[in-house]
Amino acid sequence: CAEEGVRILGEGKFLVSDSFPGNERTKYCLTSKIPLGVILAIPPFNYPVNLAVSKIGPALVAGNSLVLKPPTQGAVAALHMVHCFHLAGFPKGLISCVTGKGSEIGDFLTMHPGVNCISFTGGDTGIAISKKAGMIPLQMELGGKDACIILEDADLDLAAANIVKGGFSYSGQRCTAVKVVLVMDSVADALVDKVKAKVGKLTVGPPEDDCDITPVVTESSANFIEGLVMDAQRKGATFCQEYKRAGNLIWPLLLDNVRPDMRIAWEEPFGPVLPVIRINSVEEGIHHCNASNFGLQGCVFTRDINKAILISDAMETGTVQINSAPARGPDHFPFQGLKDSGIGSQGITNSINMMTKIKTTVINLPTPSYTMG
Ligand code: NAP
């Protein structure tokens, strides 16, 4: 951010009017990028520090001040980070941290006339905020239903490793987690066997024991996930493991033979439960992906790069990964969602651009009487 800030903010433009047909050289235009003022940053619970600094860095380097509203689950980490900024000598008021439940203080902050831009990461709350916020720039990074399309020629070991890492790390509580596998029927049995074997090796328990799968964030999240699992069970999905839950801890579960009439085919569980839908053509996979309300990321596994690029072009998502699970970052890569997955684009350069505005000053000269010679 520091490096990019120096480059972008140093890029003032100087234009003259005679480059536009019919104009004489009577106008000189000076253009620069100026800060917006106060950025309101609202990160989600799952990355309360990382998704705060990805907003704080660009905001400050562009010359803004910032109000941070941390997630209630994660507020302690965010407060500690802001304390570190103050210890490092940040002037008072450059970053203010306001804690409190979003449902109670959210409207006050997001509709405050002193806020000049909102950078939000979270769920559907972002859609509601975008309807209430006034004429200010919005950066909304919302949920996803990232699809993983597996073609017949895919490296199935590579795909299985990425599906398990992408679907189950952080217990599935990642915006860019693999949230549905769309696999060609001819390789589905082989892929499911490989994924199942790896899921069986995941350790389950408290985070203090460094387990792979740990409790999800709240009881209501666990209840929501359970609702999706029960719906899939009623409608005939194949359970690759026994469904187990103790409090907020849900054991990793792969659901095979999921069909489009099941909620889990479309909704984001944000937990360690992954549906597999068997497809008979690439078009069927793309159709399922594009029928989603979300459009964050997607991925495709194939050895045919030409096919992969055509599929990437056809998928209505902000990013498509070829032969790797969806992921945010590296942080200077653009990161954006289409449809209900968001507005605007993150990534260092894009965030700095979003958190600045263009200011133009035009110097008008009298019609030139001065001629050479
Ligand atoms: P959330 O419930 O939408 O909350 C996100 C943030 O918004 C929290 O800080 C929350 O504060 C605050 N908030 C709640 N109500 C608000 C209101 N009315 N006005 C203003 N702020 C309000 O999301 P979450 O449960 O923390 O995170 C999970 C969701 O985030 C998932 O859908 C996931 O896909 C998405 N996510 C997206 C990305 C991405 O980059 N696309 C990255 C990570 C997560 P409280 O905690 O106090 O309620």
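Counting starts at 1 for both ligands and their atoms, following the listed order. This chain uses plain numbering: 1 for the first residue, then up along the sequence.
- In this structure, of Ala128, Ser103, Gly106, Ala75, the residue bringing a heavy atom nearest to atom 20 (C) of ligand 1 is Gly106.
- Across the listed options Thr125, Leu51, Asn50, Leu142, Thr125 owns the non-hydrogen atom lying nearest to atom 2 (O) of ligand 1.
- Taking a 4.0 Å cut-off on heavy atoms, Tyr47 fails to register as neighbouring ligand 1.
- For Asn46, every heavy-atom contact with ligand 1 shorter than 4.0 Å involves the side chain, none the backbone.
- In this structure, the side chain of Gln321 does not engage the main chain of Gly298 through any donor-acceptor pair within 3.5 Å.
- Near Thr72, meaning under 4.0 Å from one of its heavy atoms, ligand 1 places the atoms 45 (P), 46 (O), 47 (O).
- Looking at ligand 1, you'll find an N or O of Gly123 within less than 3.5 Å of one of its N or O atoms.
- Using a 4.5 Å cut-off on side-chain heavy atoms (C-beta onward), Ile163 and Leu191 make contact.
- Residue Ile42 has at least one heavy-atom neighbour below 4.0 Å for each of these atoms of ligand 1: 6 (C), 7 (O), 9 (O), 12 (C), 20 (C), 21 (N).
- The contact set between ligand 1 and Thr121, taken as ligand atoms under 4.0 Å from a residue heavy atom, comprises 5 (C), 37 (C), 38 (C), 39 (C), 40 (O), 42 (C), 43 (C).
- With respect to atom 26 (O) of ligand 1, the closest heavy atom belonging to the protein is Phe45 N, 3.1 Å.
- Annotation: Phe270 is not in aromatic contact with Phe224 [ring centroid separation under 6.0 Å not met].
- Regarding atom 28 (C) of ligand 1, its nearest protein heavy-atom neighbour is Phe270 CE2, 3.6 Å.
- Proximity to Gly100 (heavy-atom distance under 4.0 Å) selects the following atoms of ligand 1: 47 (O).
- Below 3.5 Å of separation, one finds no N or O of Phe335 facing any N or O of ligand 1.
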Query raised in the report: Hey, mind stepping through Leu138 and Cys117 against side chain to side chain contact (heavy atoms under 4.5 Å, CB included) and telling me if it holds?
Result: CA-CA 6 Å; Leu138 300 177; Cys117 164; over 6 Å; no

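- Closest of all the heavy-atom pairs between Ile118 and Met140 is CG2-CE, 4.4 Å.
- Note: an N/O pair closer than 3.5 Å links Glu268 and ligand 1 by distance alone.
- Checking side-chain atoms of Asn257 against main-chain N and O of Thr238 turns up no donor-acceptor pair under 3.5 Å.
- Protein heavy atom nearest atom 48 (O) of ligand 1, with residue, atom name and distance: Gly102 N, 3.7 Å.
- Between Thr319 and Arg328, the closest side-chain pair of non-hydrogen atoms is not below 4.5 Å.
- Aromatic ring orientation, His80 versus His83: tilted (interplanar angle from 30° to 60°).
- The ligand atoms of ligand 1 that sit less than 4.0 angstrom from a heavy atom of Lys101 are 47 (O).
- The atoms of ligand 1 that sit less than 4.0 Å from any heavy atom of Cys175 are 34 (O), 36 (N), 37 (C), 38 (C), 39 (C), 40 (O), 41 (N), 42 (C), 43 (C), 44 (C).
- Ligand 1 places these atoms under 4.0 Å from at least one heavy atom of Pro44: 26 (O), 27 (O), 43 (C), 44 (C).
- If you check each of Ala133, Pro43, Ala41, Ser341 against atom 8 (C) of ligand 1, the one with the closest non-hydrogen atom is Pro43.
- Residue-to-ligand polar distances place Lys69 within reach of ligand 1: an N/O pair is separated by less than 3.5 Å.
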**Report entry** side chain to side chain contact (heavy atoms under 4.5 Å, CB included) between Thr176 and Leu296, intermediate numbers included
**Finding:** CA-CA 7 Å; Thr176 52; Leu296 191 58; 3.9 Å; yes

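- Open room surrounds NZ on Lys359; 12 or fewer heavy atoms of other groups in view lie less than 6.0 Å from it.
- Of the inter-residue distances, the one linking Phe333 atom CZ with Ser345 atom OG reads 12.5 Å to the nearest 0.5 angstrom.
- Between Leu253 and Val229 the shortest side-chain heavy-atom distance falls below 4.5 Å.
- Below 3.5 Å of separation, one finds an N or O of Gly122 facing an N or O of ligand 1.
- A donor-acceptor pair under 3.5 Å is absent between the side-chain atoms of Asp209 and the main chain of Cys211, judged by distance alone.
- If you number the atoms of ligand 1 from 1 as listed, the ones under 4.0 Å from a heavy atom of Phe120 come out as 3 (O), 5 (C), 6 (C), 7 (O).
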